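Written below as structure tokens is the structure these notes are about.
What you see is a predicted model; the values in this text were computed from it and never measured. Order of the sequence lines sets the chain letters (A, B, ...), proteins ahead of strands, with each chain counted from 1.
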2 protein chains.
Amino acid sequence: MGQARAPRADAVRNRKKILSAAGGQIAAHGPDVGMEEIAAAAGVAVGTLYRHFPTKTDLVAAVVGAHVSRVADDAEAAVGRVAAGARAADELTAFLGRVIELSVTDRAVKAAAQSLGAEPGDRADEDRAGRAVTALISAGRQDGDIHPDITVNDIYLIFSTAPIDQPEPARARWLTLVIPGLTTRARQEGD
Amino acid sequence: MGQARAPRADAVRNRKKILSAAGGQIAAHGPDVGMEEIAAAAGVAVGTLYRHFPTKTDLVAAVVGAHVSRVADDAEAAVGRVAAGARAADELTAFLGRVIELSVTDRAVKAAAQSLGAEPGDRADEDRAGRAVTALISAGRQDGDIHPDITVNDIYLIFSTAPIDQPEPARARWLTLVIPGLTTRARQEGD
DNA sequence: CATAAAGATGAATGCTGATTCAGGATAGAT
DNA sequence: ATCTATCCTGAATCAGCATTCATCTTTATG
């Protein structure tokens, strides 16, 4: 196969602007924003969107992918902290809280993800996140803090239900209500 | 105000057919089914839908309302059972499970409800359900089974996050993970 | 610079789906 | 049986949106 010609500088620039604008628009108005609006936000014409992403689904997938990548980074950082002595259960809880906030910022990323069904996506990032969370779980289990039968899938399950549409007091409360199911301890009065 | 003329018999009949068909279609294909499809399922022309419900939103709202009414009935039945000696915490848990299944059957009712924002709806049924759940909670608290700071809102919050799109093993698992946050006991090995 | 290839533009197209409304059918009162 | 207020029908209208494409620009190569 012949070496693919290097992309032009402006094309690279535009691709970034589009990705960023799409992220912003989807965050602000949900995955149903029009392509025209995304294009406008990116300071580009619709046609350009299509040059970079053959279809709207592809664009949304790219945005979701970026989000997944960010989550993976966060999870790996948490693992690093545990290696450095932090308590795994605490890191996991904090991670959950952060991911929720991230998802709120990137509002509707969840909806967007769902609107894609089980599309490909950069499987690599998903795996990266999965491995990190698994590490967190087994470390927590070792400490006796995390319920022995909890798996990554449970974490995914819980996450996929986070109330990102709810206003803030609710999201924190939700986390409080959900954590006991993952740990070995019942909720205390002070929670 | 003059007494409103009684509606014609066929109009009453059609309204029922429409409501039922709309429920079925929404359950089967989500709240995005076309009005034409609902009309077809009801054996009626589109125009008729509009005679009964000025807008699609109104129709969906009516369907959601019916669902809420059913949930309220279920909750009241649970309260009755508690009065007859059943353990409140168990009834509450079972109720949660049933509502999830109900929501799965009436699939996308949740999505439909969300697509309405905080629309009016038959406030009466909502209150009815609220009162029943409150009764269940305080009874459970009395028994010392339900965490003292749990409120109806917590129940709503949890519910609004039920993973009704997930296939069955997941829904049951979710319930298992979520219950400990409501009760005073940590999860046991056998859960 | 001159030129070709790559990229950008945005009006036009096509589709989907809600909503309307002029005309035809019915229920039910007299 | 007649009559009219209700109710129904469904083709037509309208609007929103993704996607296309003929045409114009810009980049980068020699």
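As a whole-Å value, the separation of B/Leu49 CG from D/dG10 P is 12 Å. In this structure, A/Leu59 places its CG atom 16 Å from P of D/dC17, rounding to the nearest Å. Put simply, CG on A/Asp58 is 14 Å from P on D/dA18, counting in whole angstrom units. Distance CD1 (A/Ile18) to P (C/dG7): 12 Å, rounded to an integer number of Å. Counting to the nearest Å, the P atom of D/dT20 and the CZ atom of A/Phe53 are 16 Å from each other.
Among all heavy-atom pairs drawn from B/Pro7 and B/Val12, the shortest one is CG-CG2, 4.0 Å. Across B/Asp143 and B/Ala88, no two heavy atoms sit closer than the pair OD2-N, 3.9 Å. For the residue pair A/Ile100 and A/Ile164, the shortest heavy atom distance occurs at O-CG2, 4.3 Å.
Under the side chain to side chain contact (heavy atoms under 4.5 Å, CB included) criterion, B/Arg98 pairs with B/Asp74, B/Arg81, B/Glu91, B/Ala94, B/Phe95, sequence neighbours left out. Legend: residues meeting side chain to side chain contact (heavy atoms under 4.5 Å, CB included) with B/Asp90, ordered by chain and number and at least two apart, are B/Arg87.
Between D/dC8 and B/His52, a contact under 4.0 Å exists linking OP1 or OP2 to a side-chain N or O.
Looking at residues 7-15 of chain A, you'll see A/Arg8, A/Ala9, A/Asp10 sit with a heavy atom under 4.0 Å from some atom of DNA chain D.
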ask   = How would nucleotides 13-24 of chain C be written as a contact map, 5' to 3', with B for base contact, S for sugar-phosphate-only contact and - for no contact, using protein heavy atoms under 4.0 Å?
value = -----SBB----

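Applying the side chain to side chain donor-acceptor pair (under 3.5 Å) test to every pair with at least one member in residues 130-142 of chain A, sequence neighbours left out, gives no pairs at all. Residue pairs meeting the side chain to side chain donor-acceptor pair (under 3.5 Å) criterion with at least one member in residues 33-50 of chain B: none, sequence neighbours excluded.
A salt bridge links B/Asp73 to B/Arg128: one of the charged nitrogens lies within less than 4.0 Å of a carboxylate oxygen.
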